[in-house]
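Take a look at the structure set out below.
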Amino acid sequence: MLIERLRARAWDPGRRFDAANVPVAWITERYGSERLDQDRDDIVSYGSNGTVQLRAGSEEVAVYYADASRGPLFPPIALAEVEKAERRIGRPLPELLRRVYTEVANGGFGPDSGIASLTEGNRPLGHRYDWPCAVSIYERNQTQGVPSSWLHLAYGGCTMAWHLSLTAVDNPVLLYDADGWEPTWGEVPHDGPATFVVITATLAMDLGRWRRRMERGPQPLLPP
């Protein structure tokens, strides 16, 4: 059931991330010029290309993407690709994460910046750079002292990143903040103020919590 619900959200371009871009001109034409001036907490940022980034539960996102075609940003990969990645990592992935990559999508959805792909060379249409690859980041992290049992899941902004423990019971999800850790100075992740926090006890709980964020549907605006 979780896989089907993850697929439904990951394949919806308005809900595959926690926020989505909507043209300001479209909002103005449909709702009026005062729409974005109302007291609201779902505006994330404005883009230089004439768009506004709104939280995925907003009414504008739901309406704008209602008729958009469904499908993953990056198609699911074959089990053979997962096994190839596991050989590079040197550890097996949890069965749930295997199913995510082979049945939902090869990354490109999820909390914060989105789950990293398991293979390299994935580039969203119109982007200048490839999507992050979990295996490549894992290999780079090993040269910088990150524990070998931590698999990169997604960037969390600034110096933070989400990791999955590949060895702890039930594969908890960790939020790691490397602030203050400078590998070029010979430091390792546990030097300085770098810290990590266990966010959820299991990968299933973490993905389930993200999926449920949209179940209440678009939230009404506050009165102007």
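The shown structure was predicted, so the numbers you read here are calculated from the model rather than taken from an experiment.
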Please test Leu54 against Val44 for side chain to side chain contact (heavy atoms under 4.5 Å, CB included), starting from the C-alpha separation and ending with a verdict.
CA-CA 5 Å; Leu54 298 168; Val44 179; over 6 Å; no
How far apart are the closest heavy atoms of [X] and [Y], and which atoms are they?
X: Pro72; Y: Pro75; result: CG-CA, 3.8 Å
X: Pro111; Y: Ala154; result: O-CB, 4.4 Å
X: Pro124; Y: Trp131; result: CG-CE3, 3.7 Å

For the residue pair [X] and [Y], establish whether any side-chain heavy-atom pair is separated by less than 4.5 Å.
X: Phe74; Y: Ile115; answer: no
X: Leu164; Y: Leu174; answer: no
X: Pro13; Y: Arg70; answer: yes

[Y]/[X] salt bridge by N-O under 4.0 Å criterion:
X: Asp12; Y: Arg9; answer: no
X: Arg55; Y: Asp18; answer: no
X: Arg88; Y: Glu83; answer: no
X: Arg98; Y: Glu103; answer: no

Check against side chain to side chain contact (heavy atoms under 4.5 Å, CB included), Val22 and Thr51:
CA-CA 5 Å; Val22 179; Thr51 62; over 6 Å; no
Start with the C-alpha gap between Glu120 and Ser136, add the side-chain angles, then the distance that decides, and say whether side-chain hydrogen bond (donor to acceptor under 3.5 Å, both in side chains) holds.
CA-CA 8 Å; Glu120 298 171 291; Ser136 298; 2.6 Å; yes
Aromatic rings Trp150 and Tyr176: how do their planes relate, parallel, tilted or perpendicular, breaks at 30° and 60°?
perpendicular
Students often mix this up, so state it plainly: with edges at 30° and 60°, are the rings of Trp210 and Phe109 parallel, tilted or perpendicular?
tilted
As a quick check of understanding, evaluate salt bridge (Lys or Arg N to Asp or Glu O under 4.0 Å) for Arg40 and Glu60, giving each step before the final call.
CA-CA 13 Å; Arg40 53 193 300 173; Glu60 292 90 341; 2.9 Å; yes
Give the cluster check for [X] versus [Y]: same hydrophobic cluster or not, with ILVMFWY residues linked at side-chain heavy-atom distances below 4.5 Å.
X: Ile3; Y: Met205; value: no
X: Trp26; Y: Ile43; value: yes
X: Tyr155; Y: Trp162; value: no
X: Phe17; Y: Tyr64; value: no
X: Leu96; Y: Tyr101; value: yes

Any donor-acceptor pair under 3.5 Å linking the side chain of [X] with the backbone of [Y]?
X: Tyr138; Y: Cys133; result: no
X: Thr202; Y: Asn171; result: no
X: Glu86; Y: Leu93; result: yes
X: Thr28; Y: Val24; result: yes
X: Trp11; Y: Arg16; result: no
X: Glu4; Y: Met1; result: yes
X: Asn106; Y: Leu118; result: yes
X: Arg15; Y: Val61; result: no

Atom [atom1] in [X], atom [atom2] in [Y]: separation rounded to 0.5 Å?
X: Leu151; Y: Thr167; atom1: CG; atom2: OG1; answer: 11.5 Å
X: Ile27; Y: Ser33; atom1: CD1; atom2: OG; answer: 12.0 Å
X: Arg99; Y: Leu79; atom1: CZ; atom2: CG; answer: 12.5 Å

Would one find more than 12 heavy atoms of other residues, nucleotides or ligands at under 6.0 Å from atom CD of Glu29?
no
